2 protein chains.
Amino acid sequence: MTTKAKPEQPEQSASRRRRERERQQMRTRLLEAARDIAAEEGWNAVTIRRIANKLEYTAPILYQYFSSKESLFVELMMVGFTELADQLKVAAQAPPEERLAAMAEAYWTFAFASPELYQAMNGMDGVPFGTAETPLEAKAAFRTFRIALQSIAEARGAEVVDPIGAVDTVWAFLHGCVSLAMAGRVAGGGDRAKTLMLNGLEPLFTAQVRG
Amino acid sequence: MTTKAKPEQPEQSASRRRRERERQQMRTRLLEAARDIAAEEGWNAVTIRRIANKLEYTAPILYQYFSSKESLFVELMMVGFTELADQLKVAAQAPPEERLAAMAEAYWTFAFASPELYQAMNGMDGVPFGTAETPLEAKAAFRTFRIALQSIAEARGAEVVDPIGAVDTVWAFLHGCVSLAMAGRVAGGGDRAKTLMLNGLEPLFTAQVRG
DNA sequence: CCAGAAGTCTATCATTGTTAGATATTAGAT
DNA sequence: ATCTAATATCTAACAATGATAGACTTCTGG
């Protein structure tokens with residue numbers, strides 16, 4: 001219990017390792033197939049038979065790699081949060097004055113580059129979303145956001161009063177803008193929605209700051 | 001084509017009127033049944049058979065009143081926006097200083113008093129949301145919001161720079177807060193999320209105003 | 001009292017997610 | 001090299017879903 005978590009097979013045969021790897025590859029192939037279908041025809045078109053067919057398998061294959069269709073969705077949701085966290089981390093490297101806008105833009109870009117993922121993450125459209133504990137992967141994105149907000153405040157010679165609340169507030173605003181825009185509910189379309197988002201961001205953040 | 005739209009039956013027999021009314025009542029009964037099931041067990045549990053059973057009918061009855069299950073959902077979405085518009089209109093009667101917070105609170109209260117409706121309106125959970133033109137009913141709520149924002153600005157001796165954009169911005173923020181809170185993604189739970197929403201609202205609105 | 005319209009039901013359809021059981025393929029020890 | 005056991009995949013079937021067709025009953029208006 002000192003160095004490794006699972007010291008069951010100290011000597012893993014090479015072939016066993018290979019099969020483990022192939023198994024994981026099959027999982028990601030299934031995930032990508034589902035994602036592709038969703039991207040092209042929406043989540044309602046994603047059935048286990050279509051996923052399997054896309055890889056030239058038959059339907060029950062899914063249950064060798066996922067416990068259910070929903071669990072595949074959940075995993076795809078985690079994939080989404082991981083990708084989002086990555087892109088936020090990149091945007092967080094922008095200079096402090098542009099950092100906030102850069103991260104908002106990264107959030108927006110991610111959402112509209114992969115709407116099917118964004119929907120899976122936020123339970124829109126036909127994605128069942130019932131048992132949603134906040135995924136651990138989301139916390140990484142959250143953490144990136146928190147550090148960024150604090151560093152921006154610091155660069156302004158101030159501090160974020162309630163860092164966690166600030167992230168929730170900013171995140172909620174970004175999500176709201178994206179969500180409404182994606183549903184086609186913002187007059188003037190996506191470009192205008194993005195502008196409104198970027199305009200609203202600054203005062204919203206400033207109010208989270210003191211000093 | 002001058003006074004009435006459909007002058008087919010100028011003399012509508014009383015019984016015909018009664019049957020028309022009964023037909024409409026049956027529609028709303030079906031809508032309420034669907035809503036009740038969704039409120040108790042979530043949208044995934046809403047099947048045409050359960051809706052019909054709840055009213056002691058058999059499944060195909062639905063198709064005498066709606067063209068499909070989805071069209072029933074769409075109509076329920078419109079019901080939701082109508083109810084929301086009503087409650088916003090009530091909140092808009094608060095004195096100007098409290099009006100903004102009152103309307104945000106009304107939005108929040110509506111969402112959590114009828115989460116199943118809110119989900120139907122915003123395509124969360126298991127509600128198919130594919131072909132969503134912005135419903136006309138939403139425009140009433142939108143309009144109420146716009147007038148309220150302008151009146152609040154006026155009471156402060158200022159004006160809203162871009163009224164439509166201001167409504168979109170505020171609405172997006174409210175929706176984002178509710179959406180994250182409903183998904184259980186706000187640390188500290190619903191009460192904290194509501195506080196964050198009310199706190200963020202004021203600076204967000206102020207930034208929409210000039211003079 | 002009667003023709004037709006309106007309302008409802010039974011029976012059925014293809015499709016969905018899921019499982020059981022059979023069958024082929026592979027791994028590791030002898 | 002061969003046997004056994006595990007792994008991978010398939011076929012066949014299940015109940016439940018949304019939806020449709022056609023029969024049956026009830027009501028309406030003349």
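This one's a predicted model, so the numbers in the text were calculated from it and none came from an experiment. Note on naming: letters A, B, ... go to the chains in the order of the sequence lines (proteins, then strands), and numbering restarts at 1 for each one.
Between A:Arg35 and A:Glu83 there is a salt bridge, since at least one side-chain N of the basic residue sits less than 4.0 Å from a carboxylate O of the acidic one.
We find that CE of B:Met26 is positioned 10 Å from P of C:dG7, with the value rounded to whole Å. Nucleotide D:dC27 holds its C1' atom 11 Å from the CD atom of B:Glu22, rounded to whole Å. Rounded to whole Å, atom P of C:dG7 lies 14 Å from atom CZ of B:Arg29. Between the CZ atom of B:Arg23 and the C1' atom of C:dG7 there is a distance of 9 Å, rounded to whole Å. Atom CH2 of B:Trp43 and atom P of D:dT17 are 16 Å apart (whole Å). In this structure, B:Glu20 places its CD atom 12 Å from C1' of C:dA6, rounding to the nearest Å. The distance from atom CG of B:Leu30 to atom P of D:dG18 is 14 Å, rounded to the nearest whole Å. As a whole-Å value, the separation of A:Ile51 CD1 from D:dT9 P is 16 Å.
Remark: A:Arg19 is not in phosphate contact with D:dA6, judged by side-chain N or O atoms under 4.0 Å from OP1 or OP2. The shortest distance between the side-chain N/O atoms of B:Tyr65 and the OP1/OP2 oxygens of C:dT8 is below 4.0 Å. Residue A:Tyr63 has no polar side-chain atom (N or O) positioned under 4.0 Å from OP1 or OP2 of D:dC10.
Closest approach of A:Ala45 and A:Arg50 over heavy atoms only: O-CD, 3.6 Å. Of all the heavy atoms in A:Ile61 and A:Met26, the pair that sits closest is CG1-CE, 3.8 Å. A pairwise comparison of heavy atoms in B:Leu201 and B:Phe173 identifies N-CE2, 3.7 Å as the closest pair. Smallest separation of non-hydrogen atoms from B:Ala193 and B:Ala181: CB-CB, 3.7 Å.
B:Arg49 contributes no side-chain N or O that, together with a main-chain N or O of B:Ala59, makes up a donor-acceptor pair within less than 3.5 Å. A donor-acceptor distance shorter than 3.5 angstrom exists from the side chain of A:Lys69 to the backbone of A:Val46, with no hydrogens or angles considered.
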At under 4.0 Å between heavy atoms, how does the protein contact nucleotides 9-16 of chain C? Give one character per nucleotide, 5' to 3', with B, S or -. SBB----B

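Residue-level contact check: B:Phe66 touches neither bases nor backbone, having no heavy atom under 4.0 Å from any strand.
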